[in-house]
Amino acid sequence: MTPHADVFQDYRNQFIAALAAAADVPREDIAREVKTADPAHGDLQFPAFSLAKKLRKAPPAIAADLAAKVQVPGLDVIPAGPYVNARFAVMPFSARVVDAVRAAGTAWGHNAEGQGRTVVIDYSSPNIAKPIAFHHIRSTVIGHALANLYRAGGWRVEGINYLGDWGKQFGLVAVGYGDFGDPARRGEMAHLVEVYVKANKKAEADPAYDEKARAFFKRMEEGDGEALKLWREFRETSVEQFGKVYARLGIRFEHMEGESFYQDRMDAVIEEIRRTVGVRESDGALIVDMPYAENEPPVLLKKNDGSTLYATRDLAAAMDRHARFHFDRALYVVATDQALHFRQFFTVLKRMGKPFAENMVHVNFGRVHGMSTRAGQVVLLTDVLDEARARALEKVRENAKAGRIHTDNPEELAEQVGLGAVVFGDLKNKRTSDYEFDWEQVLSFEGHTGAYLQYTHARACSILRKGGGAPASADAALLVLPEEQAVLRALAALPGAVRQGIEDNEPSHVARVLLEVAAAFSRYFTAGNQDATKRVLLDGNDPLRHARLMLTDAVRLTLRSGLAVLGVPAPEYM
RNA sequence: GCUCCCGUAGCUCAGUUGGAUAGAGCAUUGGACUACGAAUCCAAGGGUCGGGCGUUCGAAUCGCUCCGGGAGCGCCA
């Protein structure tokens, strides 16, 4: 990784430096204003309005003046009204992009800025014994992509699956098991979920039943052997099931933990809070004694029966994680619903005098709406993945029959395509926006979907196979077609998307760039249908053929690299 | 009721943190396979950026307000 692999950023920095020197103002004043331009105008634009007051001149005059002074090799600078526009000259731009991509290979887009820093990412973290519905895909897939993203940024990543394996919901399952349980289906996750749903419903209607569940959990906290034995068994069943889904998604956590991990530290944590912030009793419960906004609920550490709550366990876990990993950043990939909890939880840590609380972030995401179910039940994640695989398989068979593809393992390919559709479907939008669940949309392989990226990647691979692979060297100066220049610009955007993705904890930045790459390359290779001179695989030993193969290889590498970050498989045939 | 988030094409969403004529996909209509594989591409129609007021050279983006939707608001996680 050379420090200047981000070609786009290099040009931008040079443009800024030249403008600052020409206008005799601090670089920061210019840097704020320089944007990527509409392709019709160029690659970079600087609106001169902000200098008008300082220089006491009209913006168009400033732009004209600056344009005359700014000289950067490889950058064509043109004044246009109040704007100073700049366009990358075909050379050296083309050569720099192609060289950078091929030097980095499948690590294209990566950087080393996080070197020596550690991020802890709490993601997926399902609640054991609660329904594992489709919406769990969000924390899992976003967290996984973030883990990959930070690794691509040079960070040390400690991914933690922090199971919700402690709390009243276990009491509900245990008590409910007596009434609704089927011993023959004892080891089935789906059965546990059924029991939970029924017990939860009953508890909502009957306070006495809820009380029984609470009492069971209290027994767990007191170390009751029989209660813990049942808990251990249910936990085991759930973890086993989760493992299958994670394997399918290609996810491996550095740490598999759970709230139960901290049960024996509750007293010490509460004692520390008592010493630093203060605690007090309220309606029989133990709460953190600090100012609360009107209408804001207090942070509860213990219920009136003495058992603990998740806030208490989260506090213990946070301190433990900092002690273990000395993190520079800690992410909690959890739905927006829990915003209040995290705000309070971080506030308590700050009041306890923990500076690391400043580096903790609630990476929130929106809800999944409209989960209209087929049989009136929750939509399970595995159901969606199965359905996606089934639909992809139809398409694979169809294409194989038509002679378009040859694969010796249609099932595996279908699984990859189905997975790509579901995973990418979740990651392509900003994580904070709500998610509209729609079978047709989630399972779609047409348009700008996961399959689109995979297809484009497979096509690039196909062209390379037919063309005898990527050449050792070629002349990038020959890549003068507008279609080729558009592809190059898309490729050059990946490093910026990775950096921005880390800054915003937002995988969709990478997803968007990949769509741009695929769209630009798709336009390019279908242009060859109409106009044979635009094809990659020209006859003979044409230098242009070499240059285009090299470009195709760069596309292939960019898609592979980006898809890997998103956790989407990239098959070579499709 | 209070707090926070959201409202952009018929539908699902982008919109470079205040910059030039608001963009994609789906759906609709028309077109491109004897072709580097059509899970693709091209074209067309479709917009008072929820309404109003304001801030300034400039607003989908910032502020105020109204309308509409969502979430959270003590012993669940």
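Because only heavy atoms are used, hydrogens play no part in the values below, and waters and symmetry mates are left out as well, while side chains stay in. Values in this document were obtained by computation on a predicted structure and should not be read as measured data. Below, chains carry the letters A, B, ... as their sequence lines are ordered, and counting in each starts from 1.
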How long is the line joining [atom1] of [X] and [atom2] of [N], in whole Å?
X        : N     : atom1 : atom2 : value
A/Gln344 : B/G74 : CD    : P     : 10 Å
A/Tyr83  : B/G58 : OH    : P     : 12 Å
A/Asn161 : B/A77 : CG    : P     : 17 Å
A/Gln530 : B/U40 : CD    : P     : 17 Å
A/Gln454 : B/A39 : CD    : P     : 14 Å
A/Met574 : B/G37 : CE    : C1'   : 12 Å
A/Asp283 : B/G74 : CG    : P     : 12 Å
A/Leu300 : B/A77 : CG    : P     : 10 Å

Under-3.5 Å N/O pairs linking protein and nucleotides 42-47 of chain B:
residue	atom	partner	partner atom	Å
B/C42	OP1	A/Arg523	NH1	3.4

Taking N or O atoms only and anything under 3.5 Å, show me the protein contacts with nucleotides 1-7 of chain B, one pair per line.
residue	atom	partner	partner atom	Å
B/G1	N2	A/Asn295	ND2	3.4

What pairs of nitrogen or oxygen atoms, one from the protein and one from nucleotides 16-18 of chain B, lie under 3.5 Å apart?
residue	atom	partner	partner atom	Å
B/U16	O2	A/Thr36	OG1	2.2
B/U16	N3	A/Thr36	O	3.4
B/U16	N3	A/Thr36	OG1	3.2
B/U17	OP1	A/Lys35	NZ	3.2

Is a side-chain donor or acceptor of [X] paired with a backbone partner of [Y] at a separation under 3.5 angstrom?
X        : Y        : value
A/Gln9   : A/Gly496 : no
A/Glu484 : A/Leu551 : no
A/Asp165 : A/Glu259 : yes
A/Arg431 : A/Asn364 : yes

Please name all residues satisfying salt bridge (Lys or Arg N to Asp or Glu O under 4.0 Å) with [X], sequence neighbours left out, ordered by chain then number.
X        : answer
A/Lys430 : none
A/Glu257 : A/Arg324
A/Arg367 : A/Asp337

Determine whether a donor-acceptor pair (one donor, one acceptor, N or O, separation below 3.5 Å) exists between the side chain of [X] and the base of [N].
X        : N     : answer
A/Tyr455 : B/A39 : no
A/Asn399 : B/A39 : yes
A/Asp531 : B/A35 : no

Item to check | Strand contacts (RNA chain B) in residues 56-66 of chain A, 4.0 angstrom heavy-atom criterion | outcome: none

Checklist entry - Which residues within residues 415-422 of chain A lie with some heavy atom under 4.0 Å of an atom in RNA chain B? => result A/Val417

Checklist entry - With rounding to whole Å, what would you report as the distance between B/G68 and B/A27 at their C1' atoms? => result 26 Å

Item to check | Pairs where residues 491-511 of chain A contributes a residue and the test salt bridge (charged side-chain N to carboxylate O under 4.0 Å, His left out) is met, not counting sequence neighbours | outcome: A/Asp6-A/Arg499, A/Glu113-A/Arg499

Checklist entry - Does the ring of A/Phe49 lie flat against the base of B/G19, closer than 5.5 Å centre to centre with planes under 30°? => result yes

Checklist entry - Counting just side-chain N and O atoms, does A/Arg535 come under 4.0 Å of either OP1 or OP2 of B/C36? => result yes

Dump the pairs, protein N or O against N or O of nucleotides 61-63 of chain B, anything under 3.5 Å, distances to one decimal.
none

Next on the checklist: Expected output check: what is the dot-bracket annotation of RNA chain B, where ( ) and [ ] are pairs inside the strand (brackets for crossing ones), | is paired with another strand, and pairs are Watson-Crick or G-U under 3.5 Å?
Outcome noted: (((((((..((((.....[...)))).(((((.......))))).....(((((..]....))))))))))))....

Distances under 3.5 Å between nitrogen or oxygen atoms of protein and nucleotides 25-28 of chain B:
none

Next on the checklist: Please determine whether salt bridge (charged side-chain N to carboxylate O under 4.0 Å, His left out) holds for the pair A/Glu28 and A/Arg32, giving the CA-CA distance in whole Å, both sets of side-chain angles, and the decisive distance to 0.1 Å.
Outcome noted: CA-CA 6 Å; A/Glu28 302 77 61; A/Arg32 256 200 313 276; over 6 Å; no

Checklist outcome for this item: A/Arg367 has its side chain closest, among B/A39, B/G70, B/C41, to B/G70

Item to check | Conformer about C1'-N of B/U12 - syn within 90° of 0, anti elsewhere | outcome: anti

